[in-house]
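These notes concern the structure reproduced below.
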Amino acid sequence: MQKLTYKNSDQMPVLGLGTWKSSPSEVYEAVKEAVKIGYRHIDCAAIYGNEEEIGKALNELMEEGVVKREELWITSKLWNCNHGKDNVIPALKETLADLQLDYLDLYLIHWPIAQKKGVSYASEADEFLSLEEQPVSDTWKGMEQAVKEGLTRNIGVCNFSVNKLKDLIEVAEIRPELNQVELHPYLQQNELVEYCKSQSIHVMAYSPLGSSDRPEVVRRDDDPVLLEDTLITSLANAKGISVAQMILAYGVQRGISVIPKSVNAQRLKQNLDAAKVELTDEEMLNMASLNMDRRYVEGKFFEVPGGPYTSNSIWE
Ligand code: A2P
């Protein structure tokens with residue numbers, strides 16, 4: 001499988017397993033199956049509430065001799081209530097304990113959003129901290145310290161706009177290595193991808209299949225269903241592959257890491273095989289034509305009356 005290379009020469013398999021929305025009861029089997037059939041990259045986050053089960057699966061896989069730690073790429077993310085220089089390492093250590101690991105390959109700031117300590121899901125204005133009160137630059141110092149202490153090999157961010165990346169790069173001692181954002185044929189993020197390429201920052205696509213299982217809070221009645229797109233369906237049929245494979249292959253061929261979530265053995269295999277698919281120039285152009293800058297995860301759940309964040313301020 002194609003790999004993306006980091007500045008310290010680490011190599012990340014371009015296609016990984018997403019675990020957002022995988023329930024604790026399903027994720028254990030999904031991770032075991034995924035690694036057994038060849039996945040070597042797992043995307044996790046503390047807020048997904050399933051790192052303990054993932055840790056159990058990883059530990060068993062290593063004990064059974066299916067895989068060695070150094071063959072795996074494990075990412076996790078710092079939740080919003082743990083921003084601030086001194087909060088990063090304790091949060092990371094908790095994640096490492098849950099995952100039963102000594103180090104991560106990649107640790108990301110989950111959102112450019114800060115919440116007060118202990119607040120998992122803020123719903124009132126006073127449960128948030130603005131980025132003036134709790135600057136990303138301060139949190140980043142904690143992320144850099146985590147690299148220095150060997151708790152994670154690489155650091156990066158999620159849901160950062162070009163402007164927020166620029167601000168961070170200006171103050172970073174260790175530059176962010178990756179930006180994980182929602183990205184799929186309906187939201188191709190061309191400007192952001194170009195900027196990241198110019199700065200040697202990798203891009204990772206969450207919701208690469210359009211997250212048809214996304215929670216109610218991020219659903220609108222007029223949302224187009226990516227997996228039912230007629231153009232992708234006809235391109236996929238002509239090529240003898242599935243719609244999901246067409247979508248994932250398009251991301252990979254753009255040099256973007258994709259982390260499709262599945263808890264189903266057949267779909268896990270299908271998605272992994274997408275990394276082997278090659279698209280023609282014409283297929284690439286057809287897929288490119290589908291962009292409509294359509295975000296499914298707008299971040300509106302961070303917008304509360306009198307609060308410091310709006311879905312516009314997040315992405316500007
Ligand atoms: P399941 O877990 O039952 O396979 P995303 O990665 O964009 O968040 O999308 C995840 C959603 O897409 C889940 O509902 C997942 O269901 C479904 N899914 C994953 N792989 C495929 C596939 N190859 N074909 C169709 N649906 C898929």
Side-chain angles (χ1 to χ4, degrees), residues 15-35 37 39 41-54 56-57 74-77 79-80 98 108 110-111 120-121 158-159 180-189 204-230 232-233 236 241-252 256-275 287 290 292-302 311 314:
L15 188 145
L17 173 67
T19 62
W20 175 42
K21 309 175 262 81
S22 298
S23 68
S25 60
E26 291 170 320
V27 80
Y28 165 82
E29 283 301 337
V31 170
K32 286 206 91 169
E33 174 68 14
V35 173
I37 65 171
Y39 281 78
H41 168 178
I42 318 274
D43 181 77
C44 316
I47 196 64
Y48 300 162
N50 53 13
E51 288 194 323
E52 262 186 69
E53 291 72 14
I54 296 172
K56 183 168 181 281
I74 310 290
T75 301
S76 185
K77 313 187 190 87
W79 188 237
N80 304 346
D98 286 345
L108 305 174
H110 207 146
W111 284 92
S120 295
Y121 294 99
C158 306
N159 298 301
Q180 184 184 116
V181 292
E182 179 183 342
L183 190 153
H184 44 69
Y186 289 165
L187 179 66
Q188 301 203 13
Q189 303 265 28
M204 191 184 284
Y206 73 76
S207 300
L209 300 175
S211 280
S212 44
D213 58 347
R214 66 193 178 282
E216 274 310 308
V217 63
V218 284
R219 269 180 197 284
R220 283 162 302 171
D221 292 341
D222 62 343
D223 278 337
V225 182
L226 180 62
L227 285 169
E228 291 172 7
D229 184 273
T230 49
I232 308 179
T233 304
I241 61 174
S242 73
V243 171
Q245 287 177 318
M246 190 76 202
I247 294 170
L248 297 172
Y250 177 56
V252 169
I256 290 163
S257 176
V258 291
I259 46 166
K261 170 264 176 186
S262 184
V263 291
N264 170 279
Q266 268 178 334
R267 291 189 284 275
L268 283 169
K269 173 87 177 93
Q270 191 192 112
N271 295 346
L272 184 65
D273 288 346
M287 293 296 285
L290 289 166
M292 51 170 108
D293 295 332
R294 182 68 181 227
R295 213 182 273 285
Y296 291 115
V297 185
E298 292 178 300
K300 281 213 190 295
F301 38 86
F302 296 125
S311 52
I314 296 171

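The analysis underlying the following values was restricted to heavy atoms, covering all of them including side chains, and did not include hydrogens, waters or symmetry mates.
- With Glu182 contributing its side chain and Val297 its backbone, the two residues share a donor-acceptor pair below 3.5 Å.
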Assess the residue pair Tyr250 and Ile256 against the criterion (side chain to side chain contact (heavy atoms under 4.5 Å, CB included)); give the C-alpha distance rounded to whole Å, side-chain angles, the decisive distance to 0.1 Å, and a yes or no. CA-CA 9 Å; Tyr250 177 56; Ile256 290 163; over 6 Å; no

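- With hydrogens and angles disregarded, no donor-acceptor distance shorter than 3.5 Å links the side chain of Thr75 to the backbone of Cys44.
- Counting only N and O atoms by type, the side chains of Ser311 and Glu298 include no donor and acceptor under 3.5 Å apart.
- Although no hydrogens or angles enter the test, the distance criterion places a donor-acceptor pair under 3.5 Å between the side chain of Asn159 and the main chain of His110.
- Partners of Arg214 under the salt bridge (Lys or Arg N to Asp or Glu O under 4.0 Å) rule, at least two apart in sequence or in another chain, are Asp223.
- The structure places CD1 of Ile42 at 7.5 Å from CD1 of Ile54, a figure rounded to the nearest 0.5 Å.
- Listed by chain and number, the residues in a side-chain contact (heavy atoms from CB on, under 4.5 Å) with Val217 are Pro215, Phe301 (sequence neighbours excluded).
- Tyr186 contributes atom OH, which lies 10.0 Å from atom CZ of Arg294 (distance to the nearest 0.5 angstrom).
- A pairwise comparison of heavy atoms in Leu227 and Leu209 identifies CG-O, 3.8 Å as the closest pair.
- Nearest approach of Pro260 to Leu15, heavy atoms of both residues: CD-CG, 4.3 Å.
- Checked against side chain to side chain donor-acceptor pair (under 3.5 Å), Ser22 has no partners two or more places apart in sequence or in another chain.
- Using a 4.5 Å heavy-atom threshold, the side chains of Leu248 and Gln245 count as separate.
- Ring geometry, Trp79 versus Phe302: the interplanar angle falls from 30° to 60°, so the pair is classed tilted.
- Looking at residues two or more places apart in sequence or on another chain, you find a side-chain contact (heavy atoms from CB on, under 4.5 Å) between Tyr121 and Ile47.
- With contacts defined as side-chain heavy-atom distances shorter than 4.5 Å, the pair Ile259/Gln180 qualifies.
- Side-chain contact between Asp43 and Lys77 is present, with at least one heavy-atom pair separated by less than 4.5 Å.
- For residues 19-34, the pairs satisfying salt bridge (Lys or Arg N to Asp or Glu O under 4.0 Å) are Lys21-Asp213, Lys32-Glu60, Lys32-Glu64, with sequence neighbours left out.
- Closest non-hydrogen pair, Leu226 versus Ile232, comes out as CD1-CD1, 4.0 Å.
- Judged as a side-chain contact (heavy atoms from CB on, under 4.5 Å), and not counting sequence neighbours, Asp221 has no contacts.
- The shortest heavy-atom contact between Trp20 and Lys261 is O-CG, 3.5 Å.
- The minimum heavy-atom distance linking Ser262 with Ala30 is given by the pair O-CB, 3.8 Å.
- Separation of atoms CZ (Arg219) and CG (Asp222) is listed at 12.5 Å; rounding is to 0.5 Å.
- A donor atom on one side chain and an acceptor atom on the other are found under 3.5 Å apart for Ser76 and Glu51.
- Nearest heavy-atom pair, Tyr39 versus Leu268, reported as atom, atom and distance to 0.1 Å: OH-O, 2.7 Å.
- In this structure Tyr206 satisfies the ring pair (Phe, Tyr, Trp, His ring centres under 6.0 Å) test with no other residue, sequence neighbours excluded.
- For Asp229, the salt bridge (Lys or Arg N to Asp or Glu O under 4.0 Å) test picks out no residue, with sequence neighbours left out.
- Residues satisfying the ring pair (Phe, Tyr, Trp, His ring centres under 6.0 Å) criterion with Tyr296, sequence neighbours excluded, are His184.
- When the salt bridge (Lys or Arg N to Asp or Glu O under 4.0 Å) test is applied to Lys300, no partner is found at least two apart in sequence or on another chain.
- In this structure Val252 satisfies the side-chain contact (heavy atoms from CB on, under 4.5 Å) test together with Gln2, Val14, Val258, sequence neighbours excluded.
- A heavy-atom distance below 4.5 Å is found between the side chains of Ser257 and His41.
- Listed for the Gln188 side chain is a donor-acceptor partner under 3.5 Å among the backbone atoms of Pro185.
- With sequence neighbours excluded, no residue forms a salt bridge (Lys or Arg N to Asp or Glu O under 4.0 Å) with Arg295.
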